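Some notes on the structure that comes next.
These values consider heavy atoms only, across backbone and side chains, with no hydrogens, waters or symmetry-generated copies. Quantities reported herein were computed from a predicted structural model and do not represent experimental measurements.
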Amino acid sequence: MIETGWVAFETPVGVCALAWDAQARLAGSLLPGDGLPARMRRRHGEGPASDVPAVAQTWITRLRAVMAGAADDLADIPLADEDAPEFHRRVWALARAIPPGRTRTYGELALDLGEPGAARAVGQALGANPFAPFVPCHRILAAQGGAGGFSAPGGTRTKLQLLTLEQARLTPHPDQPSLF
């Protein structure tokens, strides 16, 4: 067992943070933005931890590489998501299955869930995502491949920055033009 904690750390795109639980699962993460330490304290208590467990150090190393353009989907990192609504967990699992550089729309995820017409609910689940970018909500686009909203600090600009790092297509269909 490890002690719960959180840590902020530099990445190529700014300071990010992540938290872990006693079962060595990701308890939350934040992308760069104003007030990051205060947001982490609200979610994960006082900190940051002075002793970052080896498993969390590995996540940090991998996230830094992703923020420098590496194609790691981070999907094997276990999430402490049992307190989230079941619908959210299903949406997040689908988002984690999207490879780096690829995108889907909110409507496509709703169809994959067997809930056509639930695109807004998919967007709400992604807006409540406490694990960005480990749950890559930036890979989910509005209808017709538009960037849509993004609830992380920096909004759509941050979403497009992450997609650019992945050399992703802004449109979800490979026969349509990309961001580049």
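- One hydrophobic cluster, built from ILVMFWY side chains closer than 4.5 Å, holds both Val52 and Leu63.
- Atom CD1 of Ile140 is separated from atom CG of Leu109 by 4.5 Å, given to the nearest 0.5 angstrom.
- Taking the side chain as every heavy atom from C-beta outward, Pro32 and Cys16 approach each other to under 4.5 Å.
- Side chains of Val135 and Asp81 form no contact here, defined as non-hydrogen atoms less than 4.5 Å apart.
- Rounded to the nearest 0.5 angstrom, Leu126 CG and His138 NE2 are separated by 11.5 Å.
- Taking every heavy atom of both residues into account, Cys137 and Ala132 meet most closely at SG-CB, 4.1 Å.
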Please tabulate, for side-chain N and O atoms in residues 92-101, each donor-acceptor pair with protein atoms closer than 3.5 Å (sequence neighbours left out).
residue	atom	partner	partner atom	Å
Trp92	NE1	Ala125	O	2.9
Arg96	NE	Phe134	O	3.3
Arg96	NH1	Ile77	O	3.1
Arg96	NH2	Leu74	O	2.9
Arg96	NH2	Ala75	O	3.4
Arg96	NH2	Ile77	O	2.7

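- Residues Leu18 and Phe131 have side chains not in contact (no heavy-atom distance under 4.5 Å, counting atoms from C-beta outward).
- The cluster map of Ile, Leu, Val, Met, Phe, Trp and Tyr, joined by side-chain heavy atoms under 4.5 Å apart, puts Val15 and Met40 in the same cluster.
- Residues passing the salt bridge (Lys or Arg N to Asp or Glu O under 4.0 Å) test with Glu86, sequence neighbours excluded: Arg90.
- Arg25 pairs by the salt bridge (Lys or Arg N to Asp or Glu O under 4.0 Å) definition with Asp21, Glu82, not counting sequence neighbours.
- Criterion: ILVMFWY side-chain heavy atoms under 4.5 Å apart, direct or through other members. Under it, Phe9 and Met67 are part of a common hydrophobic cluster.
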Would you be so kind as to tabulate the donor-acceptor pairs closer than 3.5 Å made by side chains of residues 42-49, with sequence neighbours excluded?
none

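- Linking Ile, Leu, Val, Met, Phe, Trp and Tyr whenever their side-chain heavy atoms come within less than 4.5 Å leaves Leu36 and Leu31 in two separate clusters.
- With hydrophobic clusters built from ILVMFWY side chains whose heavy atoms lie under 4.5 angstrom apart, Val7 shares a cluster with Ile2.
- Sorted by first and then second residue, the pairs that involve residues 59-69 and meet side chain to side chain donor-acceptor pair (under 3.5 Å), not counting sequence neighbours, are Arg62-Asp72, Arg62-Asp76.
- Atom OG of Ser29 and atom CG of Leu79 lie 8.5 Å apart (nearest 0.5 Å).
- Shown here are the side-chain contact (heavy atoms from CB on, under 4.5 Å) partners of Ala119, two or more places apart in sequence or in another chain: Tyr106.
- Within the 4.5 Å cutoff, no side-chain heavy atoms of Leu165 are placed close to those of Val66.
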Show your reasoning for whether side-chain contact (heavy atoms from CB on, under 4.5 Å) applies to Val91 and Glu115.
-> CA-CA 11 Å; Val91 170; Glu115 302 201 30; over 6 Å; no
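- Nearest heavy atoms, Trp6 versus Arg41: CZ2-CG, 3.9 Å.
- Heavy-atom neighbours of Arg120 CZ from other residues, nucleotides or ligands within 6.0 Å: at or below the threshold of 12.
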